[in-house]
Amino acid sequence: MAVPTINPERFLADLQTLRQFGGQGNGVVRQSFSEADMASRRWLQARMGEAGLTSKIDGVGNVIGYARKPGRALLMGSHTDTQPEGGWLDGAYGVIAALEVARALDECPETRHLALDIASWSDEEHTYHGFLGSQGFLGQLDQSVFSTATRNDGHPLSRALADAGLNGQPEHYDPTRYIGYLEAHIEQGPRLELAGKQVGIVTGIVGCRTLDITFQGEANHAGSTPMDRRRDAGKALFRFAHQMDTLLAAMAAEFTVWTVGRVQFYPGSASVIPGKAFMRLQYRDTCRDLLGSMETAVRDLATQMAPELGVDIRIERQPETEPVLMNEAMQEQLTQAAEQHLGQRWMKLPSAALHDANMFGQIMPSAMLFVPSIGGISHNFAEDTQQEDLVAGCQVLATAAARIIATGQ
């Protein structure tokens with residue numbers, strides 16, 4: 001079949017226009033349901049309509065464009081909301097790429113009949129409730145969210161929706177309509193740039209485990225308590241963290257990552273031996289079994305070290321995110337398209353960040369494509385990507401999307 005050809009100038013112009021909604025210098029401030037966010041959604045709805053799609057904004061802010069064509073459709077999308085100080089591409093790249101792919105398919109006589117729906121999902125960035133839009137569309141949203149979710153400053157989701165003119169009723173997907181879901185995104189990491197590749201084909205989205213580890217010792221005077229009589233929870237934390245880091249490094253696979261992002265000592269005085277210490281460990285990988293083995297190893301290490309450290313160690317697991325593997329047939333279509341347009345300037349890699357594709361991958365065949373982030377920077381005003389990489393990724397998407405729809409996989 002013929003390859004649909006994107007229009008790079010039109011594609012990049014739309015990206016730059018979207019950038020103006022909430023633009024601040026090189027970055028964007030466009031948090032969910034803000035004035036800038038809703039203005040951008042109305043603009044996007046109009047652009048979808050101009051592209052020949054039946055477009056609407058549903059009751060939770062999702063902007064959805066439906067193809068006016070028979071047959072099963074591919075669904076493409078991402079998000080256009082940002083962090084409080086966000087980058088201009090983040091999910092916006094995937095939304096505008098989906099729009100350009102829809103136009104390219106329609107402009108090619110041999111692909112004009114193919115059905116492609118596109119969307120910008122609301123609140124992926126968790127201003128009020130992470131993945132509000134995609135979960136709502138898929139029927140996965142707990143209705144209590146609408147009465148309990150708030151912004152960091154306490155502003156309720158219910159008020160934000162009402163102020164934005166939204167009724168809180170999401171559009172619900174038709175499971176018989178879709179072949180699968182395809183999302184493009186900037187990598188938000190350095191691997192593609194370091195490897196000199198223009199496109200990444202995502203093998204899976206990592207699962208995330210978080211363990212809260214508490215060390216209970218005994219608070220006492222920091223000057224008059226002999227070293228051999230101390231039950232120092234702070235010192236125990238340091239020694240445990242060092243051994244844990246060595247242990248996890250020995251277990252890790254190629255893309256495994258782990259972070260101790262929070263540490264606290266109690267009572268937190270220089271003159272008091274810490275009676276309690278706390279650390280939060282988070283680790284990520286696409287292998288569910290490895291995630292389980294890492295937790296077991298950390299718990300075993302705590303059992304082993306507690307007596308020699310002279311403290312009690314308690315470990316509590318926080319709510320977890322399971323890894324989601326991307327569909328192999330759709331990965332193969334992306335691979336063939338990447339080889340056709342880019343030769344060897346592509347690679348496979350997992351996504352270390354969560355995306356709307358994580359929600360869709362639990363329900364239907366799903367795939368993702370990455371383009372490089374300059375310096376690996378994202379969620380930052382400095383976030384950027386080379387124009388040629390933005391265009392290359394969009395063209396690979398168009399070719400793969402056409403083949404996925406035409407073959408049904």
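Along the sequence shown, residues are numbered consecutively beginning with 1. Everything quoted here is computed from the prediction, not taken from an experiment.
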A.B. asks: Distance alone, cut at 3.5 Å: any donor-acceptor contact between the side chains of N327 and Q331?
C.D. replies: no
A.B. asks: Any chance the side chains of T150 and H155 put a donor and an acceptor closer than 3.5 Å?
C.D. replies: no
A.B. asks: Is any NZ, NE, NH1 or NH2 atom of the basic residue among K69 and D106 found under 4.0 Å from an Asp or Glu carboxylate oxygen of the other?
C.D. replies: yes
A.B. asks: Heavy atoms only: give me the nearest Q395-T5 pair and the separation to one decimal.
C.D. replies: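 The answer is OE1-CA, 3.6 Å.
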A.B. asks: CE/M330 to CE/M368 distance, rounded to the nearest 0.5 angstrom?
C.D. replies: 11.5 Å
A.B. asks: Out of curiosity, Q386 CD to S373 OG, how far, rounded to the nearest 0.5 Å?
C.D. replies: 11.5 Å
A.B. asks: Does a sphere of radius 6.0 Å around CD in E328 hold more than 12 heavy atoms from other residues, nucleotides or ligands, not counting ones at 6.0 Å or beyond?
C.D. replies: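 Open.
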A.B. asks: Which one of F360, Y93, Y181, F370 satisfies the ring-ring contact (aromatic ring centres under 6.0 Å, His included) criterion with H355?
C.D. replies: F370
A.B. asks: Going by atom types alone, do Q198 and R345 pair a side-chain donor with an acceptor below 3.5 Å?
C.D. replies: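 Checked: Q198/R345 side chains pair up, N/O donor to acceptor below 3.5 Å.
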A.B. asks: Quick one: pull up OG in S122 and CE in M38 and give me the separation to the nearest 0.5 Å.
C.D. replies: 9.0 Å
A.B. asks: With side chains defined as the heavy atoms from C-beta onward, is the minimum distance between Q409 and P365 less than 4.5 Å?
C.D. replies: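 No, their side chains stay 4.5 Å or more apart.
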A.B. asks: Please state whether the rings of H185 and H79 are parallel, tilted or perpendicular, taking 30° and 60° as the class boundaries.
C.D. replies: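 Ring orientation, 0 to 90° scale: tilted.
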A.B. asks: If you measure from the Lys or Arg side-chain nitrogens to the Asp or Glu carboxylate oxygens, is any gap between D14 and R10 under 4.0 Å?
C.D. replies: no
A.B. asks: Can R68 and T54 be said to form a side chain to side chain donor-acceptor pair (under 3.5 Å), step by step?
C.D. replies: CA-CA 7 Å; R68 300 169 181 170; T54 300; 2.9 Å; yes
A.B. asks: Can you see whether Q336 engages E332 through a side-chain donor-acceptor pair at a distance of less than 3.5 angstrom?
C.D. replies: yes
A.B. asks: Using the rule side-chain contact (heavy atoms from CB on, under 4.5 Å), only one of I6, N7, L12 pairs with E9; which is it?
C.D. replies: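 That would be N7.
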A.B. asks: Quick check: closest heavy atoms across L349 and R191, and the distance to 0.1 Å?
C.D. replies: CD1-CB, 4.2 Å
A.B. asks: Answer whether the closest heavy-atom distance between the side chains of I205 and T286 falls below 4.5 Å.
C.D. replies: no
A.B. asks: Step by step, would you call D300 with Q304 a side chain to side chain donor-acceptor pair (under 3.5 Å)?
C.D. replies: CA-CA 6 Å; D300 288 347; Q304 170 194 327; over 6 Å; no
A.B. asks: Ion pair present between D117 and R177, side-chain N to carboxylate O less than 4.0 angstrom?
C.D. replies: yes
A.B. asks: Are V63 and R42 close enough, and set up right, to give a side-chain contact (heavy atoms from CB on, under 4.5 Å), and what steps lead you there?
C.D. replies: CA-CA 8 Å; V63 190; R42 291 188 290 270; over 6 Å; no
A.B. asks: Kindly give the heavy-atom pair with the smallest separation between A219 and V272, and that separation in Å.
C.D. replies: CB-CG1, 4.0 Å
A.B. asks: Under a 3.5 Å threshold, yes or no: a donor from one side chain and an acceptor from the other, between Q135 and H129?
C.D. replies: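 Checked: Q135/H129 side chains pair up, N/O donor to acceptor below 3.5 Å.
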A.B. asks: For Q31 and Y128, test the side chains for any donor-to-acceptor distance below 3.5 angstrom and give the result as yes or no.
C.D. replies: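 The answer is no; no qualifying pair exists.
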A.B. asks: Nearest heavy-atom pair of F381 and G27: which atoms, and what distance?
C.D. replies: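 In terms of heavy atoms, the two residues are closest at CD2-CA, 3.5 Å.
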A.B. asks: Who passes salt bridge (charged side-chain N to carboxylate O under 4.0 Å, His left out) against E254, sequence neighbours left out?
C.D. replies: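 Once residues adjacent in sequence are excluded, E254 has no partner under the salt bridge (charged side-chain N to carboxylate O under 4.0 Å, His left out) criterion.
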A.B. asks: Decide side-chain contact (heavy atoms from CB on, under 4.5 Å) for I363 and Y173; before the verdict, give the C-alpha distance in whole Å, the side-chain angles of both, and the deciding distance to 0.1 Å.
C.D. replies: CA-CA 11 Å; I363 302 296; Y173 87 112; 3.1 Å; yes
A.B. asks: Please enumerate all residues that pass ring-ring contact (aromatic ring centres under 6.0 Å, His included) together with F240, with sequence neighbours excluded.
C.D. replies: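 If we apply the ring-ring contact (aromatic ring centres under 6.0 Å, His included) test to F240, skipping adjacent residues, the hits are F215.
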A.B. asks: Closest approach of A392 and L342, non-hydrogen atoms and distance?
C.D. replies: CB-CD2, 3.8 Å
A.B. asks: Do R288 and E322 pass the side-chain contact (heavy atoms from CB on, under 4.5 Å) test, and can you show the C-alpha distance, the side-chain angles, and the key distance before you say yes or no?
C.D. replies: CA-CA 7 Å; R288 183 179 284 103; E322 293 294 342; 2.8 Å; yes
A.B. asks: Of all heavy-atom pairs between P323 and C287, which one has the smallest distance, and what is that distance?
C.D. replies: CG-C, 4.4 Å
A.B. asks: Side chains of R262 and Q264 only: does a donor on one sit below 3.5 Å from an acceptor on the other?
C.D. replies: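 On atom types as modelled, these side chains qualify, holding a pair under 3.5 Å.
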A.B. asks: So do the side chains of I405 and I179 get within less than 4.5 Å of each other, counting heavy atoms only?
C.D. replies: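 When only atoms from C-beta onward are counted, I179 and I405 do touch, with a gap below 4.5 Å.
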A.B. asks: Give, for atom OG of S351 and atom CG of L369, the distance between the pair rounded to the nearest 0.5 Å.
C.D. replies: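 Here the interatomic distance stands at 12.0 Å.
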A.B. asks: Of all residues at least two apart in sequence or in a different chain, which pass the side-chain contact (heavy atoms from CB on, under 4.5 Å) check with A338?
C.D. replies: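 For A338, the residues satisfying side-chain contact (heavy atoms from CB on, under 4.5 Å) (neighbours in sequence not counted) are I201, W346, V396.
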A.B. asks: Quick check: do Y66 and I118 have side-chain heavy atoms less than 4.5 Å from each other?
C.D. replies: no
A.B. asks: Any side-chain donor paired with an acceptor under 3.5 Å for S378 and E383?
C.D. replies: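 The answer is yes; a qualifying pair exists.
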A.B. asks: Does the pair R284 and T256 meet the rule for a side-chain contact (heavy atoms from CB on, under 4.5 Å), with working shown?
C.D. replies: CA-CA 6 Å; R284 305 184 185 207; T256 312; over 6 Å; no
A.B. asks: Are F137 and W121 close enough that their ring centers fall under 6.0 Å?
C.D. replies: yes
A.B. asks: Might you confirm whether atom CG of N167 has over 12 heavy atoms from other residues, nucleotides or ligands at distances under 6.0 Å?
C.D. replies: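 Correct, the count exceeds 12.
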A.B. asks: Have T82 and R30 got a donor and an acceptor in their side chains that come within less than 3.5 Å?
C.D. replies: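 There is no such pair between these side chains.
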A.B. asks: Would you say CD of E35 has more than 12 non-hydrogen atoms from neighbouring residues, nucleotides or ligands within 6.0 angstrom?
C.D. replies: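 No.
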A.B. asks: Just checking, is any N or O donor in the side chain of Q282 or T259 under 3.5 Å from an acceptor N or O on the other one?
C.D. replies: no
A.B. asks: Look at atom CD of Q318 and say whether more than 12 heavy atoms of other residues, nucleotides or ligands are closer to it than 6.0 Å.
C.D. replies: yes
A.B. asks: Does a side-chain heavy-atom distance below 4.5 Å link H379 with Q188?
C.D. replies: yes
A.B. asks: For R103, is there an ion pair with E107 - N to carboxylate O distance below 4.0 angstrom?
C.D. replies: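 No, this pair does not count.
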A.B. asks: Is the shortest distance from a Lys or Arg side-chain nitrogen in R112 or E110 to a carboxylate oxygen in the other one below 4.0 Å?
C.D. replies: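 Judged by the 4.0 Å cut-off on N to carboxylate O distance, R112 and E110 do not form a salt bridge.
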